[in-house]
Engineer: 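Once you've had a glance at the structure underneath, I'll fire off some questions.
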Amino acid sequence: MGKLLYGPTIEVIFDDRVLAHLQLVIGLKLRRGESFFFSWRDEQSVGDGRSAIWLDPAIPMVFRYNGGRMPKINREWLEVLTLSSNSAQGLQLTEEVGALGKTTEE
């Protein structure tokens with residue numbers, strides 16, 4: 001399990017695979033100077049609700065991975081996440097779909 005560290009106080013735990021996909025999508029948006037919301041479903045241990053943060057290029061962010069290898073990237077899931085990041089609701093973390101994840105029919 002890796003961590004997304006945002007600003008001086010926010011630390012969120014994600015699977016390394018999820019974190020790798022988030023890094024690509026978030027990095028693309030921030031490189032363009034775009035600010036946006038990012039939301040995800042919380043683990044049961046922290047209340048089983050939803051959380052959202054406003055991501056801005058001026059706020060420091062660190063992607064800290066537990067493993068030493070970069071996970072294989074699922075292009076289909078990456079596209080879904082990227083489309084989400086460009087919506088009015090902002091980036092919403094979804095379950096993985098596509099060749100390396102679950103299909104939409106499952």
Side-chain angles (χ1 to χ4, degrees):
M1 298 299 258
K3 293 179 184 178
L4 172 64
L5 307 167
Y6 187 65
T9 59
I10 297 174
E11 182 177 303
V12 188
I13 296 173
F14 292 109
D15 180 79
D16 278 2
R17 181 166 180 70
V18 172
L19 201 57
H21 286 77
L22 291 174
Q23 180 181 345
L24 292 171
V25 174
I26 292 170
L28 178 65
K29 298 281 286 181
L30 296 180
R31 195 174 8 217
R32 294 179 183 159
E34 299 176 20
S35 300
F36 58 102
F37 276 109
F38 166 44
S39 64
W40 64 91
R41 179 124 178 122
D42 293 321
E43 295 288 325
Q44 249 183 341
S45 63
V46 294
D48 200 28
R50 290 195 62 79
S51 291
I53 54 176
W54 181 252
L55 297 178
D56 185 273
I59 300 173
M61 181 181 311
V62 176
F63 296 87
R64 183 168 294 150
Y65 295 89
N66 189 43
R69 295 184 189 173
M70 182 68 169
K72 188 168 182 175
I73 299 301
N74 177 338
R75 297 285 176 199
E76 188 174 342
W77 189 30
L78 190 63
E79 185 175 327
V80 168
L81 293 172
T82 301
L83 287 172
S84 170
S85 75
N86 291 319
S87 72
Q89 294 84 11
L91 174 58
Q92 295 185 25
L93 182 57
T94 60
E95 293 288 323
E96 184 172 3
V97 296
L100 301 176
K102 297 176 186 175
T103 65
T104 54
E105 297 169 359
E106 286 184 61

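Please read all numbers here as calculations on a predicted model, not as lab measurements.
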Engineer: Quick one: CG on Leu19 to CD1 on Ile13, what's the gap to the nearest 0.5 Å?
Structural biologist: 11.0 Å
Engineer: Give a yes or no on whether the backbone of Val80 and the side-chain of Ser84 come within a donor-acceptor separation of less than 3.5 Å.
Structural biologist: no
Engineer: Rounded at 0.5 Å granularity, tell me how far NZ in Lys72 sits from NE2 in His21.
Structural biologist: 10.5 Å
Engineer: Please report the interatomic distance CE(Met61) to CD1(Ile26), rounded to the nearest 0.5 Å.
Structural biologist: 5.0 Å
Engineer: So how far is it from Leu4 CG to Ile53 CD1, rounded to the nearest 0.5 Å?
Structural biologist: 5.5 Å
Engineer: Just say parallel, tilted or perpendicular for the rings of Trp54 and Phe37, cut-offs at 30° and 60°.
Structural biologist: perpendicular
Engineer: Determine, using the 4.5 Å side-chain heavy-atom cutoff (strictly less than), whether Val18 and Ile10 are members of one ILVMFWY cluster.
Structural biologist: yes
Engineer: Determine whether a donor-acceptor pair (N or O, by modelled atom type, separation under 3.5 Å) exists between the side chain of Lys29 and the backbone of Ser85.
Structural biologist: yes
Engineer: If you look at every heavy atom in Trp77 and Arg17, which pair is closest and at what distance?
Structural biologist: CZ3-O, 4.5 Å
Engineer: Assigning hydrophobic clusters by single linkage (Ile, Leu, Val, Met, Phe, Trp, Tyr; side-chain heavy-atom cutoff under 4.5 Å), is Leu24 placed with Leu91?
Structural biologist: yes
Engineer: Mark yes or no for whether Ser51, through its side chain, and Ser39, through its backbone, hold a donor-acceptor pair below 3.5 Å.
Structural biologist: no
Engineer: Out of curiosity, does Leu28 fall in the hydrophobic cluster containing Leu81 (side-chain heavy atoms, cut-off under 4.5 Å, transitive links)?
Structural biologist: no
Engineer: Does atom CD (Glu34) have a neighbourhood of more than 12 heavy atoms from anything else shown, all under 6.0 Å?
Structural biologist: yes
Engineer: Answer yes or no: is there a side-chain heavy-atom contact under 4.5 Å between Leu93 and Arg41?
Structural biologist: no
Engineer: Heavy-atom count around Arg50 CZ within 6.0 Å, excluding the residue itself: above 12?
Structural biologist: yes
Engineer: If we only count heavy atoms from C-beta on, is the Asp16 to Arg69 side-chain gap below 4.5 Å?
Structural biologist: no
Engineer: Indicate the ring-plane relationship of Phe14 and Trp40, choosing parallel, tilted or perpendicular according to the 30° and 60° boundaries.
Structural biologist: perpendicular
Engineer: Can you check whether Asn86 reaches Phe36 side chain to side chain, under 4.5 Å on heavy atoms?
Structural biologist: no
Engineer: Report the distance from atom CZ of Phe38 to atom CD of Gln92, rounding to the nearest 0.5 Å.
Structural biologist: 10.0 Å
Engineer: Report yes or no: do Met70 and Leu22 belong to one cluster of Ile/Leu/Val/Met/Phe/Trp/Tyr joined by side chain heavy-atom distances under 4.5 Å?
Structural biologist: yes
